Asks: 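This is the structure, below, for whatever I ask next.
Lettering follows sequence order; numbering is per chain, from 1. This is a predicted model, so every value here is computed, not measured.
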2 protein chains.
Amino acid sequence: MLIQIDYQSDVPIYVQLTNQIIEGMASGELKPGEPLPSVRALAADLGINLHTVNKAYTHLKQEGFIQVHRQRGALVRPDPMPPADEAFRSRLESQMRPIVAEAVCRRMDEADFLDMCRRIYRHFTKEES
Amino acid sequence: MLIQIDYQSDVPIYVQLTNQIIEGMASGELKPGEPLPSVRALAADLGINLHTVNKAYTHLKQEGFIQVHRQRGALVRPDPMPPADEAFRSRLESQMRPIVAEAVCRRMDEADFLDMCRRIYRHFTKEES
DNA sequence: TGACTGTTCTATTTGTAATATAACAGTTGT
DNA sequence: ACAACTGTTATATTACAAATAGAACAGTCA
């Protein structure tokens with residue numbers, strides 16, 4: 001899977017990495033149980049520090065996206081994620097609220113906005129990548 | 001308008017402040033042309049530093065949400081915001097992509113996800129606050 | 001044995017967030 | 001004229017996060 005880091009972005013590298021792995025899982029580009037590169041290999045590949053990759057892996061592990069075996073490496077969670085519970089939906093909504101507010105201020109009407117949401121959703125689910 | 005700062009949040013104070021003002025504008029709680037509290041008054045009201053409020057105002061000004069007159073204070077942009085252009089839509093999509101990916105991983109189906117999007121949107125536009 | 005795995009430790013550098021204090025320059029109201 | 005207010009600017013400090021660096025540990029595996 002191809003990973004692109006934007007060093008000019010104000011988004012921290014480890015967050016960019018975390019997001020892209022989650023997006024890979026959502027699109028099906030990363031299959032359940034699939035092994036991930038070692039922290040050293042991925043760091044070398046991206047030209048960043050091993051600890052930065054490790055930070056991303058640690059976050060992904062804490063949120064259940066990946067499994068990490070201390071001497072065998074990291075792999076994509078082999079079984080499906082737990083379905084969205086109330087805590088998750090609440091967190092999701094908090095993250096979306098300011099974004100939606102901006103869209104409203106910029107006069108995107110409901111249909112236009114929902115079209116965009118639908119398009120992004122299908123970008124992940126349609127034809128599995 | 002009531003503003004609530006969460007000091008335990010990992011979201012910077014000035015970002016929380018920026019977001020809440022944008023949300024106030026989206027919901028209609030803040031009317032076009034309405035004056036905002038001075039940086040000193042709002043800082044004192046919230047128990048934070050004047051520079052933190054000023055940072056939020058500066059960001060809001062740069063993105064066109066408010067107008068700032070050097071000696072008269074800040075006010076909500078009196079005329080409507082420019083409609084969403086391609087640059088804005090692109091930025092919006094970049095912000096939403098990782099959030100949507102999480103929702104897909106957590107097995108929210110399309111209808112469920114779009115319902116949430118619609119509910120958030122209407123929270124701002126329905127009955128103008 | 002040797003190459004690999006994630007993990008842990010200490011350390012440094014860099015940048016941002018938030019605070020504090022002070023001053024400036026231009027209204028505005030008395 | 002005066003005082004009170006406005007955003008702005010400057011300097012400084014504290015605290016913390018991001019990213020890097022180098023080294024070591026403990027277990028796996030061919």
Side-chain angles (χ1 to χ4, degrees), chain A residues 1 3-22 30 33-78 95 98, chain B residues 1 3-22 30 33-78 95 98:
Chain A
M1 176 191 171
I3 291 183
Q4 287 278 25
I5 300 297
D6 178 7
Y7 297 94
Q8 312 309 320
S9 170
D10 56 341
V11 180
I13 295 176
Y14 82 96
V15 174
Q16 292 185 46
L17 186 49
T18 301
N19 285 343
Q20 290 190 37
I21 290 176
I22 293 176
L30 290 177
E34 179 175 340
L36 293 172
S38 74
V39 291
R40 288 176 179 81
L42 186 50
D45 185 35
L46 298 175
I48 62 178
N49 193 273
L50 134 177
H51 294 101
T52 306
V53 177
N54 191 57
K55 193 170 184 178
Y57 278 16
T58 299
H59 279 230
L60 287 165
K61 181 180 73 175
Q62 285 175 342
E63 289 165 13
F65 289 100
I66 67 174
Q67 291 180 357
V68 178
H69 295 85
R70 195 184 178 106
Q71 280 86 18
R72 265 178 289 171
L75 50 93
V76 176
R77 176 191 254 259
Q95 291 174 344
Chain B
M1 176 191 172
I3 290 184
Q4 286 277 25
I5 300 298
D6 177 8
Y7 298 93
Q8 313 308 320
S9 170
D10 57 340
V11 180
I13 296 176
Y14 82 96
V15 174
Q16 293 185 45
L17 187 49
T18 301
N19 284 342
Q20 290 189 38
I21 290 176
I22 293 176
L30 290 177
E34 178 174 341
L36 293 172
S38 74
V39 291
R40 287 174 177 84
L42 186 49
D45 185 34
L46 298 174
I48 62 180
N49 191 273
L50 132 176
H51 293 101
T52 306
V53 177
N54 191 57
K55 193 171 184 177
Y57 279 15
T58 300
H59 280 230
L60 288 165
K61 180 179 72 175
Q62 285 175 343
E63 288 165 13
F65 289 99
I66 67 174
Q67 291 181 356
V68 178
H69 295 85
R70 196 182 177 109
Q71 279 87 18
R72 266 178 289 171
L75 51 92
V76 177
R77 175 191 256 261
Q95 290 175 344

Asks: Assuming nearest nucleotide by heavy-atom distance, tell me which of A:His51 and B:Ser38 is located more 5' along DNA chain D.
Replies: B:Ser38
Asks: Which whole-number value in Å describes the distance from B:Gln62 CD to D:dT8 P?
Replies: 10 Å
Asks: In whole Å, what is the span from the CG atom of A:Leu36 to the P atom of C:dT5?
Replies: 12 Å
Asks: Quickly work out the A:Asn49 CG to C:dA11 C1' distance and round it to whole Å.
Replies: 13 Å
Asks: Among B:Leu42, B:Ile22, B:Thr52, exactly one meets side-chain contact (heavy atoms from CB on, under 4.5 Å) together with B:Leu17. Which residue is that?
Replies: B:Leu42
Asks: If every non-hydrogen atom of B:Ile66 is compared with every non-hydrogen atom of B:Val68, which pair is closest and at what distance?
Replies: CD1-CG2, 3.9 Å
Asks: Between D:dA19 atom P and A:Asp10 atom CG, what is the distance in whole Å?
Replies: 11 Å
Asks: Looking at every strand, decide which applies to B:His69 at a 4.0 Å heavy-atom threshold: base, sugar-phosphate, or nothing.
Replies: sugar-phosphate
Asks: Give a yes/no on whether any side-chain N or O of A:Thr52 is located under 4.0 angstrom from OP1 or OP2 of D:dT20.
Replies: yes
Asks: Among the candidates C:dT5, D:dA18, D:dT20, find the nucleotide nearest to the side-chain atoms of A:Pro12.
Replies: D:dA18
Asks: Which part of the nucleic acid does A:Ile13 contact within heavy-atom distance under 4.0 Å: base, sugar-phosphate only, or nothing?
Replies: sugar-phosphate
Asks: Please report the shortest heavy-atom distance between A:Met1 and A:Gln20, naming the atom on each side.
Replies: CE-O, 2.9 Å
Asks: Using whole Å, what does the distance between atom C1' of nucleotide D:dT8 and atom CG of B:Leu50 come to?
Replies: 9 Å
Asks: Examine distances only and state if a side-chain atom of A:Arg77 and a backbone atom of A:Gln67 form a donor-acceptor pair shorter than 3.5 Å.
Replies: no
Asks: Any idea which of D:dG22, D:dA18, D:dT9 is nearest the A:Tyr14 side chain?
Replies: D:dA18
Asks: With a 4.5 Å limit on heavy-atom distance, are the side chains of A:Val11 and A:Asp6 in contact?
Replies: no
Asks: Taking CD from B:Gln16 and P from C:dA17, how many angstroms apart are they, rounded to a whole number?
Replies: 13 Å
Asks: Run B:Thr18 and B:Phe65 through side-chain contact (heavy atoms from CB on, under 4.5 Å) and show every step you take.
Replies: CA-CA 10 Å; B:Thr18 301; B:Phe65 289 99; over 6 Å; no
Asks: How would nucleotides 25-30 of chain D be written as a contact map, 5' to 3', with B for base contact, S for sugar-phosphate-only contact and - for no contact, using protein heavy atoms under 4.0 Å?
Replies: -BBSS-
Asks: Any non-hydrogen side-chain atom of A:Ile13 less than 4.5 Å from a side-chain atom of A:Leu46?
Replies: no
Asks: Examine distances only and state if a side-chain atom of A:Glu34 and a backbone atom of A:Leu75 form a donor-acceptor pair shorter than 3.5 Å.
Replies: no
Asks: Determine: side-chain N/O of A:Lys55 to OP1/OP2 of D:dA19, distance under 4.0 Å, yes or no.
Replies: no
Asks: Provide, to the nearest angstrom, the distance between the OH atom belonging to B:Tyr7 and the P atom belonging to C:dA17.
Replies: 17 Å
Asks: Under 3.5 Å for both distances, Watson-Crick or G-U wobble, that's the pair rule; now give the dot-bracket for DNA chain C, with | marking pairs to another strand and [ ] for crossing ones.
Replies: ||||.|||||||||||||||||||.|||||
Asks: Can you tell me the distance, in whole Å, between the CG atom of B:Leu42 and the C1' atom of C:dA18?
Replies: 15 Å
Asks: Please assess A:Asn19 against A:Tyr14 for the test side-chain contact (heavy atoms from CB on, under 4.5 Å), listing each intermediate value before the final yes or no.
Replies: CA-CA 9 Å; A:Asn19 285 343; A:Tyr14 82 96; over 6 Å; no
Asks: What's the spacing between A:Asn54 CG and A:Leu50 CG if we round to 0.5 Å?
Replies: 6.5 Å
